[in-house]
Amino acid sequence: MRWKRTIQLLDVHAEGEIGRVAIGGVPKIPGDTIAAQLHWLNTDPKGDELRRFLCLEPRGAPIGSVNLLLPARHPEADAAFIILQPDQAHASSGSNSICVTTALLEAGIVEMQEPETIVTLETAAGLVKATATCRDGRCEKVRLTMVPSFVHELDVTIDTPHWGKIKADLCYGGIFYALVDVGQIGLTIEKANAAGLVQAGMILKELINRDIKVVHPEIPAISGVAYVMFRDTEADGTVRTCTTMWPGRADRSPCGTGNSANLAALHARGRAKIGDIFTSKSIIGSQFEVGLQAVTEVAGRPAVIPTITGRGFTFGLTQVALDPFDPHPGGFALTDVWGPSAGEI
């Protein structure tokens, strides 16, 4: 076989959300910082080609992410990574940080120490400290100390043709989120409503990014609302979430960066304080433990340091390859699987 390109992927999921980790064959990504490499992946045709190769059909799928392992630039980091998804490259992710940590330790890329191994991950959003509980050669769970998370604006009003005026909190948890109380769209967060939730999320994301510009005050490469996360609170205080992602799917995990953003909103409203820990439950019922470790500032804005705890599981090893005669080197997407927006790819 004369393959033009090969990349080895360790298949991992975190509480149901797939986050494959590219452990071999990753090409050199230009840029002096991880943020600069993120910018290159999102703006250069060669970066777009790599993302499409891994994330679109026939080699990829709408569900899940591919994490590019990169050489760390920060002296304290053990490894760096950038998240590739069908729409673009992203700066940070809690579920993907759990997947990457699990992959690094169980593949032996970072030496596992029992009963606990600390792995420092470098992302375009900053350093994420992963404390892994390890036993018998397995990474049992991972506690992430996330990047500082903050409120951009609370109670933003969005005029919609479907639900009238909707209120959202625009917050940052490693990427920007619009946080929407799910009752405003007349749905609940459960598996039977997944299609309706993602359709609403795609509509709201387009409206918000059309009218409102958000840019990280210290990292210009991170801009725009990446996801709409619907939220609800159960009687026992559990936060129920559904993060909606392009091209129209629900995050299977409770969403680490989304819960970090939501924690910033809770703190701003006086509903969370240092030391608080609560449970967040996803649309499939999987759980993260969310904690408020400390408060800080980002460019003069109040911010919180969240912790996210969850589990990662390896389930396969894949080698993705490109035949030089393949008529679809750039990948493709059809509306039968990817939804109406596939016509724009």
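Heavy atoms only: backbone and side chains are in, while hydrogens, waters and symmetry mates are out.
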Completion exercise
Applying side-chain contact (heavy atoms from CB on, under 4.5 Å) to Leu317 and not counting sequence neighbours gives Leu10, Ile23
Problem - Check: Arg51 side chain, Pro86 main-chain N or O, donor-acceptor pair, under 3.5 Å - result: yes
Problem - Side-chain touch Thr117/Leu105, heavy atoms, less than 4.5 angstrom - result: yes
Practice task
With side chain to side chain contact (heavy atoms under 4.5 Å, CB included) as the test, would you mind laying out the steps for Trp246 and Gln85 before giving the verdict?
Solution key: CA-CA 9 Å; Trp246 193 92; Gln85 291 180 350; over 6 Å; no
Handout entry: Heavy atoms from other residues, nucleotides or ligands near CD of Glu190 exceed 12 (cutoff 6.0 Å)
Key = yes
Fill in the blank from the handout: Sequence neighbours excluded, the answer for salt bridge (charged side-chain N to carboxylate O under 4.0 Å, His left out) partners of Asp169 is Arg231, Arg269
Handout entry: Neighbour count >12 (heavy atoms, 6.0 Å) for atom CZ, Arg73
Key = yes
Problem - Expected output: side-chain Asp11 to main-chain Arg20 donor-acceptor under 3.5 Å - result: no
Exercise for the section: Considering only NZ, NE, NH1 and NH2 on the basic side and carboxylate oxygens on the acidic side, decide whether Glu17 and Arg249 come within less than 4.0 Å. Expected result: yes
Practice task
Output the distance between atom CD1 (Ile203) and atom CD1 (Ile158), rounded to the nearest 0.5 Å.
Solution key: 12.0 Å
Exercise for the section: Find out whether Phe313 and Arg138 are in side-chain contact, i.e. whether some heavy atom of one side chain is under 4.5 Å from a heavy atom of the other. Expected result: yes
Exercise for the section: Report, as yes or no, whether the 6.0 Å neighbourhood of atom CG on Asp236 holds more than 12 heavy atoms from other residues, nucleotides or ligands. Expected result: yes
Exercise for the section: I would like to know whether Thr188 and Arg240 meet side chain to side chain contact (heavy atoms under 4.5 Å, CB included); could you show each step before the answer? Expected result: CA-CA 9 Å; Thr188 55; Arg240 191 85 183 219; over 6 Å; no
Problem - Distance, nearest 0.5 Å, that separates CD of Glu106 from OG1 of Thr314 - result: 4.5 Å
Exercise for the section: Specify whether His13 and Phe315 have parallel, tilted or perpendicular ring planes, treating 30° as the upper limit for parallel and 60° as the lower limit for perpendicular. Expected result: tilted
Handout entry: Residue pair Pro306 / Asn259, side-chain heavy-atom distance below 4.5 Å
Key = no
Handout entry: CA sep, side-chain torsions, deciding dist, call: Ile98, Arg311, side chain to side chain contact (heavy atoms under 4.5 Å, CB included)
Key = CA-CA 7 Å; Ile98 292 171; Arg311 301 169 300 168; 5.9 Å; no
Exercise for the section: Report yes if the side chains of Leu56 and His328 come closer than 4.5 Å at any heavy-atom pair, otherwise no. Expected result: no
Practice task
Kindly indicate whether the side chain of Tyr172, heavy atoms from C-beta on, has any atom under 4.5 Å from the side chain of Val214.
Solution key: no
Practice task
Could you label the plane-to-plane angle of the His152 and Phe176 rings as parallel, tilted or perpendicular, counting under 30° as parallel and over 60° as perpendicular?
Solution key: perpendicular
Practice task
State whether the side chain of Lys205 and the backbone N or O of Ala226 hold a donor-acceptor pair below 3.5 Å, judged by distance alone.
Solution key: yes
Problem - Side-chain donor/acceptor of Arg52 to backbone N/O of Gly330, under 3.5 Å - result: yes
Handout entry: Polar side chain donor-acceptor pair, Trp3 to Gln319, under 3.5 angstrom
Key = no
Practice task
Spell out, as yes or no, whether a donor-acceptor pair under 3.5 Å connects the side chain of Thr244 to the backbone of Val228.
Solution key: yes
Handout entry: Atom pair SG (Cys134) and CD (Glu140), whose distance is rounded to the nearest 0.5 Å
Key = 8.0 Å
Problem - Check ion pair Arg252-Glu15 (N to O, under 4.0 angstrom) - result: no
Exercise for the section: Could you tell me whether Phe325 atom CZ has more than 12 heavy atoms of other residues or ligands within 6.0 Å of it? Expected result: no
Handout entry: Min side-chain heavy-atom separation Leu204-Phe230 under 4.5 Å
Key = yes
Handout entry: Distance in Å, Phe81 CZ paired with Leu121 CG, rounded so as to fall on 0.5 Å steps
Key = 5.5 Å
Handout entry: Glu289 side chain vs Ile277 backbone, donor-acceptor pair below 3.5 Å
Key = no
Exercise for the section: Please say whether more than 12 non-hydrogen atoms of neighbouring residues, nucleotides or ligands are located less than 6.0 Å from NZ in Lys141. Expected result: no
Fill in the blank from the handout: Interatomic distance, CD1@Ile83 vs CD1@Ile175, rounded to 0.5 Å, equals 7.5 Å
Completion exercise
To the nearest 0.5 Å, atom CD1 of Ile118 lies from atom CD of Gln113 at 11.0 Å
Handout entry: Student check: side-chain heavy atoms of His216 and Val298 closer than 4.5 Å
Key = yes
Exercise for the section: Might you point out which heavy atoms bring Gly312 and Thr102 nearest each other, and give the distance in Å? Expected result: CA-OG1, 3.7 Å
Practice task
For the pair Asp44 (side chain) and Lys46 (backbone), establish whether a donor and an acceptor sit closer than 3.5 Å, ignoring hydrogens and angles.
Solution key: yes
Practice task
Say whether, by atom type as modelled, one donor and one acceptor occur between the side chain of Thr43 and the main chain of His39 under 3.5 angstrom.
Solution key: yes
Practice task
Report yes or no: does Gln37 contribute a side-chain atom to a donor-acceptor pair with the main-chain N or O of Ile29 at less than 3.5 Å?
Solution key: yes
Handout entry: Polar side-chain atom of Glu114 near backbone of Gly137 as donor-acceptor pair, under 3.5 Å
Key = yes
Practice task
Measure the shortest side-chain to side-chain distance between Leu54 and Leu68 over non-hydrogen atoms and say whether it is less than 4.5 angstrom.
Solution key: yes
Exercise for the section: For Gln293, look at atom CD and say whether over 12 heavy atoms of other residues, nucleotides or ligands are found less than 6.0 Å away. Expected result: yes
